[in-house]
Amino acid sequence: MSQVMVVDALAGRVPVGSQVTVKGWIRTRRDSKAGLSFLTVHDGSCFDPIQVVAPNTLANYEDEILRITAGCSVIVQGELVESQGKGQAFEVQASSIEIVGWVDDPDTYPIAAKRHTFEYLREVAHLRPRTNTFGAVARVRHCLAMAVHRYFDEHGFAWIHTPIITASDCEGAGEMFGVSTLDLVNLPRTEEGAIDYAEDFFGRPAYLTVSGQLDVECYCQSLTKVYTFGPTFRAENSNTPRHLAEFWMIEPEIAFADLNDNADLAEDFLKFIYRALLEERSDDMAFFEKRIEPDAIKRLEMFIESSFERMEYGDAIEALKKSGKSFEFPVEWGRDLQTEHERYLTEEYVKRPVVVMNYPKQIKPFYMRCNDDGRTVAAMDVLAPGIGEIIGGSQREERLDVLDQRIAETGLPPEPYWWYRDLRRYGTVPHAGFGLGFERTIQYATGMANIRDVIPFPRTPKNAEF
RNA sequence: UCCCCGAUAGCUCAAUUGGUAGAGCGAGUGGCUGUUAACCACUAGGUUGCUGGUUCGAGUCCAGCUCGGGGAGCCA
């Protein structure tokens, strides 16, 4: 009598006639007056639950089995048999069912056996993993995370654990969360009246990281191929279905590489992880296709098969001007692309993922490499239909004199970047990298419209429950 | 942060011009059936988000607040 996971039983990996133990949670109970009840038991190992047949000869049939409701936890012992009914190949003919945990008040159990809106389920985020959708999202998320590590491992990348706490606002972009042990009610002051950070834990202002890029560049200059994959924080007051205050970002960085190598990596990498998803989570993807996004699987297959369109920023501007569309925001060389522009390019103009390259330098950060034309930098954005910007990256400026000039142009103080500048003093090499939003990667794959529904416990402005 | 929309039973939503609060699902009880979005009948379930205002009377009108959704900005 060995414990069996539902996925193994349903996949036919357990011989019919075996005595098995199944442990999990009840999804539904249906009673038949033929003298038996049908229970579906879910253990999260795959999308489908397994059906358990409970005959009324069980000792606890009248007083317990007939009181089972959705959400109860059970341990079922019985024989794995071929199902007599339609809808499933195998089921468990129970010889005993132990109710491990009852549902306190079935009338108010938040996850009733019915459809719920995602907005409602966010309010019960501790229970939503019990639903079909959030179970599927969790398995897809895990599958993609493992595929990320597998891709990099197989291609010789080292995973670098860049710090979560950082002492400098290195990118100069994005509001940061402060990290402090100072008493907010009684802040230490300098003689001038400013907050005296010398008294703080790190002896200086500290923040949660908005990117591991600058740190990971240090390891790139020794290990050649590196990446980060971890939580990232932005204190922006963004209220959209595409933004979180805490999200996970993947940032590869490659040495002896230029922007084209970078784009090649982005394309190869994305295709790899989505191919893995289609192969390993076909059950969950079938659900997303059926209930969430009718083209979910086809879209990923097309994504894998077609090559990414590569387009110069200048050509993108020309294409937008010639589109005949009336955009709300003006199209002009030197201006950044707005969401409406990006959507036109990827959804209408090329109808597949597009890599826009070489943007005007005045709209991009200081660390991006200046091109020979003197007015653009080697930046790239990967735009995907339906989701917009999924990757932002660049070749990095490896020339110290040009870097210094860019820091000065941007109006940043050079002192905090002394170690970043050192990389350019000691054996500098051309290198490049990008940042991929992990949640957006999941959104694109599943069709989940709101980013808050692809992370277990979303952190957004005014929301840190759970 | 800006613009628009919303908040009524456990959940999803109704409620004419301001006039006694309704349904479906879920839950409970009974019936029926190797069932599987089960089906049929009955029952229970409400300080209409909060605070104030207008009115004989407010779910409905007005103001403020809180929370949620969509769009925009910022970006991944």
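Lettering follows sequence order; numbering is per chain, from 1. Bear in mind that the values here come from a model prediction, so they are computed numbers and not experimental data.
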Chemist: Classify the side chain of A:S238 versus the base of B:rC74 as yes if they form a donor-acceptor pair under 3.5 Å and no if they do not.
Modeler: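 Yes.
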Chemist: Is a donor from one side chain sitting under 3.5 angstrom from an acceptor on the other, for A:Y61 and A:S37?
Modeler: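 There is such a pair (donor and acceptor under 3.5 Å, judged by atom type) between the side chains of A:Y61 and A:S37.
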Chemist: Less than 3.5 Å apart, any donor N or O on the side chain of A:S95 or A:Q77 sitting next to an acceptor on the other?
Modeler: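 There is no such pair (donor and acceptor under 3.5 Å, judged by atom type) between the side chains of A:S95 and A:Q77.
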Chemist: Phosphate oxygens OP1/OP2 of B:rG73: is one of them under 4.0 Å from a side-chain N or O of A:Q338?
Modeler: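 Yes, such a contact exists.
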Chemist: For A:I451 and B:rG69, give me the distance from atom CD1 to atom P, rounded to whole Å.
Modeler: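 Rounding to the nearest Å, CD1 of A:I451 and P of B:rG69 are 13 Å apart.
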Chemist: Looking at every strand, decide which applies to A:E465 at a 4.0 Å heavy-atom threshold: base, sugar-phosphate, or nothing.
Modeler: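 If one applies the 4.0 Å heavy-atom cut-off, A:E465 turns out to touch nothing in the nucleic acid.
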Chemist: Given that both distances must come in under 3.5 Å, which nucleotide forms a Watson-Crick or G-U wobble pair with B:rG30?
Modeler: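 B:rG30 is paired with B:rC40.
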Chemist: What nucleic acid atoms does A:Y120 come within less than 4.0 Å of, heavy atoms only: base, sugar-phosphate, or nothing?
Modeler: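 Touches sugar-phosphate only.
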Chemist: Enter the distance from A:E342:CD to A:E389:CD here, rounded to the nearest 0.5 Å.
Modeler: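 The distance works out to 5.5 Å.
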Chemist: Return no unless some side-chain N or O of A:T339 is found under 4.0 Å from OP1 or OP2 of B:rG71.
Modeler: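 A:T339 to B:rG71 OP1/OP2: no side-chain N or O under 4.0 Å.
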Chemist: Please figure out whether A:F438 or A:P461 has its closest RNA chain B nucleotide nearer the 5' end.
Modeler: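 The answer here is A:P461.
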Chemist: Within the structure shown, what part of the strands sits under 4.0 Å from A:G85 by heavy-atom distance: base, sugar-phosphate, or nothing?
Modeler: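 The answer is base, as A:G85 lies within the cut-off (heavy atoms under 4.0 Å) of a base atom.
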Chemist: Determine, for A:Y444 and A:R299, whether the Lys NZ or Arg CZ falls below 6.0 Å from the six-membered ring centre while staying within 45 degrees of the axis.
Modeler: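 The answer is yes; both the distance and angle limits are met.
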Chemist: Looking only at side-chain atoms of A:K462, point me to the closest of B:rC75, B:rG34, B:rC67.
Modeler: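 Looking only at heavy atoms from C-beta outward on A:K462, the closest nucleotide is B:rC67.
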Chemist: Taking atom types as they are modelled, is there a donor-acceptor pair under 3.5 Å from the base of B:rU1 to the side chain of A:N239?
Modeler: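 Answer is yes: a donor-acceptor pair is held.
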Chemist: Among B:rG69, B:rG73, B:rA27, which nucleotide has an atom closest to any side-chain atom of A:N450?
Modeler: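 Nearest to the side chain of A:N450 among the choices is B:rG69.
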Chemist: Any strand counts, and the cut-off is 3.5 Å on both contacts for Watson-Crick or G-U wobble. Which nucleotide pairs with B:rC2?
Modeler: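 Answer to the pairing question: B:rG71, which forms a Watson-Crick or G-U pair with B:rC2.
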Chemist: Which residues within residues 49-74 of chain A lie with some heavy atom under 4.0 Å of an atom in RNA chain B?
Modeler: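 Going residue by residue through residues 49-74 of chain A, the ones with a heavy atom under 4.0 Å of RNA chain B turn out to be A:Q51, A:V53, A:T69.
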Chemist: Do the side-chain N and O atoms of A:N358 and A:E312 include a donor-acceptor pair separated by under 3.5 angstrom?
Modeler: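 Side chains of A:N358 and A:E312: pair found under 3.5 Å.
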Chemist: Decide whether A:S394 and A:R396 meet the rule of one side-chain donor and one side-chain acceptor closer than 3.5 Å.
Modeler: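 There is such a pair between these side chains.
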Chemist: Starting at the 5' end of RNA chain B and moving along, which residue's nearest nucleotide shows up first, A:E328 or A:L244?
Modeler: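 The answer here is A:E328.
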Chemist: State the pairing partner of B:rC11; accept Watson-Crick or G-U wobble contacts with both distances under 3.5 Å, and report none otherwise.
Modeler: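 Partner of B:rC11: B:rG24.
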Chemist: B:rG34, B:rC74, B:rU33: which one has an atom nearest the side-chain heavy atoms of A:D31?
Modeler: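 Minimum distance to the A:D31 side chain belongs to B:rU33.
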Chemist: Any donor-acceptor pair under 3.5 Å linking the side-chain atoms of A:N371 with those of A:T376?
Modeler: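 Looking only at side-chain atoms, A:N371 and A:T376 do form a donor-acceptor pair, the distance falling under 3.5 Å.
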Chemist: Quick one about A:E267 and A:S307 (side-chain donor to acceptor, distance below 3.5 Å, no hydrogens or angles considered), yes or no?
Modeler: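 No, because no side-chain N or O of A:S307 sits under 3.5 Å from a partner of the opposite role on A:E267.
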Chemist: Among B:rG73, B:rU12, B:rU35, find the nucleotide with the atom closest to the side chain of A:S83.
Modeler: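 Closest nucleotide to the A:S83 side chain: B:rU35.
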Chemist: I need the CD-C1' distance between A:E119 and B:rG49, as an integer number of Å.
Modeler: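 Answer to the nearest Å: 17 Å.
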Chemist: May I ask you to say what A:I250 touches in the nucleic acid, namely base, sugar-phosphate or nothing, with a heavy-atom cut-off under 4.0 Å?
Modeler: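 Since no nucleic acid heavy atom lies under 4.0 Å of A:I250, the category is nothing.
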Chemist: As an exercise, state the distance from CZ of A:R130 to CD1 of A:I26, rounded to the nearest 0.5 Å.
Modeler: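 So the gap between those two atoms works out to 12.0 Å.
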Chemist: With no angle test and no hydrogens, is the base of B:rC75 tied to the side chain of A:H243 by a donor-acceptor pair under 3.5 Å?
Modeler: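 Answer is yes: a donor-acceptor pair is held.
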Chemist: Does B:rG64 have a Watson-Crick or wobble partner in any strand here, with both distances under 3.5 angstrom, and which is it?
Modeler: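 Paired with B:rG64, as far as the under-3.5 Å criterion goes, is B:rC50.
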Chemist: Work out how far the C1' atom of B:rA14 is from that of B:rG24, and round it to whole angstrom.
Modeler: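 These two C1' atoms come out 10 Å apart once rounded.
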Chemist: Could you check whether A:Q84 gets within reach of a base, just the sugar-phosphate, or nothing at all, counting any heavy atom under 4.0 Å?
Modeler: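 Touches a base.
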Chemist: Students often get this wrong, so: under 4.0 angstrom with heavy atoms, is A:R122 touching a base, only sugar-phosphate, or nothing?
Modeler: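 Sugar-phosphate, no base atom in range.
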Chemist: A:R234 has a side chain; which of B:rG73, B:rC75, B:rA27 sits nearest to it?
Modeler: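 Within the option list, the nearest is B:rC75.
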Chemist: Go through the steps for A:F152 and A:V226 under the test side chain to side chain contact (heavy atoms under 4.5 Å, CB included), then give the verdict.
Modeler: CA-CA 8 Å; A:F152 287 129; A:V226 296; over 6 Å; no
Chemist: In this structure, how many angstroms lie between the C1' atom of B:rG70 and the CG atom of A:D453, rounded?
Modeler: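 It works out to 14 Å between those atoms.
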Chemist: For A:E91, answer base if it contacts any base atom (sugar-phosphate contacts may also be present), sugar-phosphate if it contacts only those atoms, and nothing otherwise; contact means non-hydrogen atoms under 4.0 Å.
Modeler: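 It contacts base atoms.
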Chemist: Taking donor-acceptor contacts at under 3.5 Å, does the side chain of A:Q88 reach the base of B:rG34?
Modeler: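 Such a pair does not exist between side chain and base.
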Chemist: With the side chain of A:R242 defined as its heavy atoms from C-beta on, choose the nearest nucleotide among B:rA72, B:rC11, B:rG34.
Modeler: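 The closest nucleotide is B:rA72.
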Chemist: Check every strand shown and say whether A:P241 touches a base, only sugar-phosphate, or nothing at a heavy-atom separation below 4.0 Å.
Modeler: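 Sugar-phosphate only.
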Chemist: Is the phosphate of B:rG69, meaning OP1 or OP2, less than 4.0 Å from a side-chain N or O of A:R452?
Modeler: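 Yes, A:R452 has a side-chain N/O under 4.0 Å of OP1/OP2 on B:rG69.
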